[in-house]
Amino acid sequence: MGSNGTSTPSQRIRNSFSYGNDDEEGNDYKNMLLVVATLINAVTFSAGVNPPGGVWQDDVAGHKAGRSIYSTQKVPFHIFLVLNTLAFSTSIVLLISLTYRFPFFIYLWAAIAAMFFTYAAAIFAIAPDESVKFRYLLAAAAVPFAIHFLLSAYRLLKKDKEDLPEVQGGTVPS
């Protein structure tokens, strides 16, 4: 709060994205986010494992069985993979953040990690090596984790700064 009892713009923005951990409304928001993140995760995982158009069933006419039919359109397929991977990774970060300190959260995180690696293996299996730049997919997968890390570090540094004693008259009170 400001000195006159009103909140600053940055406090109002921060409060609009937060909820109380102990109140019923906060738990409702958390549950709603868990459902939405799980739905996004399921849809993007399914789209990665079963790409639009399906996969080739045989090794005829220059294509390989098990590779995505959609990959014959290189640019749209690449855009699809990057955006799908970004959405999948973002939902993973949200699930991990929302389930922190849940009972048995370590087992849940292990299952999430296994699902993430299964997704990566499926992408490698359906995407022809020559049509996809896998470094872009890796970058798309890393972006949500990097943003989450940076925001967490910023919050931690800001909290530490707020805990420092105020300097008055050029000296630090002891």
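Not measured: the values here are computed from a predicted model. Heads up: numbering here begins at 1 and tracks the sequence.
- Taking hydrophobic clusters as Ile, Leu, Val, Met, Phe, Trp and Tyr residues chained together by side-chain heavy-atom distances below 4.5 Å, Leu138 does not share a cluster with Phe149.
- If you take CG on Leu81 and CG on Leu86, they are separated by 12.5 Å, rounding to the nearest 0.5 Å.
- Without hydrogens or angle criteria, Asp58 side chain to Ala65 main chain gives no donor-acceptor distance under 3.5 Å.
- Of all heavy-atom pairs between Ile69 and Gly53, the closest is CD1-O, 3.1 Å.
- With contacts defined as side-chain heavy-atom distances shorter than 4.5 Å, the pair Pro128/Lys64 does not qualify.
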Open item on the list: Assess the residue pair Met32 and Tyr29 against the criterion (side chain to side chain contact (heavy atoms under 4.5 Å, CB included)); give the C-alpha distance rounded to whole Å, side-chain angles, the decisive distance to 0.1 Å, and a yes or no.
Closed with: CA-CA 5 Å; Met32 180 185 63; Tyr29 285 134; 4.0 Å; yes
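- Phe88 pairs with exactly one of Ile40, Thr44, Val43 by the side-chain contact (heavy atoms from CB on, under 4.5 Å) rule, that one being Thr44.
- Closest non-hydrogen pair, Pro144 versus Ser89, comes out as CG-CB, 3.7 Å.
- Taken from OH in Tyr100 to CD1 in Ile106, the straight-line distance is 8.5 Å, to the nearest 0.5 Å.
- The aromatic rings of Phe105 and Trp109 sit perpendicular, their planes meeting at an angle over 60°, well past the 30° parallel limit.
- Here the side chain of Ser46 pairs no donor or acceptor atom with the backbone of Ala42 at under 3.5 angstrom.
- Between Ala47 and Pro52, the shortest heavy-atom contact is O-CD, 4.3 Å.
- Rounded to the nearest 0.5 angstrom, Leu95 CG and Thr38 OG1 are separated by 4.5 Å.
- For Ala37 against Leu94, the heavy-atom pair with the smallest separation is CB-CD2, 3.6 Å.
- Between the NZ atom of Lys30 and the CZ atom of Phe102 there is a distance of 4.5 Å, given to the nearest 0.5 Å.
- Ile92 and Met115 get closest at one heavy-atom pair: CD1-CE, 3.9 Å.
- Follow the hydrophobic side-chain contacts under 4.5 Å out from Val143 and you never reach Val93; the two are in separate clusters.
- Tyr70 and Phe124 fall within the same hydrophobic cluster, defined by Ile, Leu, Val, Met, Phe, Trp and Tyr side-chain heavy atoms under 4.5 Å apart, directly or through other members.
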Open item on the list: Apply side chain to side chain contact (heavy atoms under 4.5 Å, CB included) to residues Leu34 and Thr99 and explain how you reach the verdict.
Closed with: CA-CA 8 Å; Leu34 275 169; Thr99 59; 3.9 Å; yes
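- Using cut-offs of 30° and 60° on the angle between ring planes, the pair Tyr136 and His78 is perpendicular.
- Residue pairs meeting the ring-ring contact (aromatic ring centres under 6.0 Å, His included) criterion with at least one partner in residues 31-69, sequence neighbours excluded, are Trp56-His63.
- Checked by atom type and distance alone, the side chain of Ser71 pairs as donor or acceptor with a backbone atom of Ser68 at under 3.5 Å.
- Separation of atoms CG (Leu33) and CG (Asp28) is listed at 11.0 Å; rounding is to 0.5 Å.
- A donor-acceptor pair is defined here as one N or O able to donate and one able to accept, closer than 3.5 Å; such a pair exists between the side chain of Arg67 and the backbone of Ala127.
- There is no path of hydrophobic side-chain contacts, each under 4.5 Å, that joins Val49 to Leu83.
- No side-chain N or O of Asn41 forms a donor-acceptor pair with one of Tyr119 less than 3.5 Å apart.
- Once rounded to the nearest 0.5 Å, the distance linking CD1 of Ile112 with CZ of Phe117 reads 12.5 Å.
- Heavy-atom minimum distance, Gly48 versus Ile126: O-CD1, 3.3 Å.
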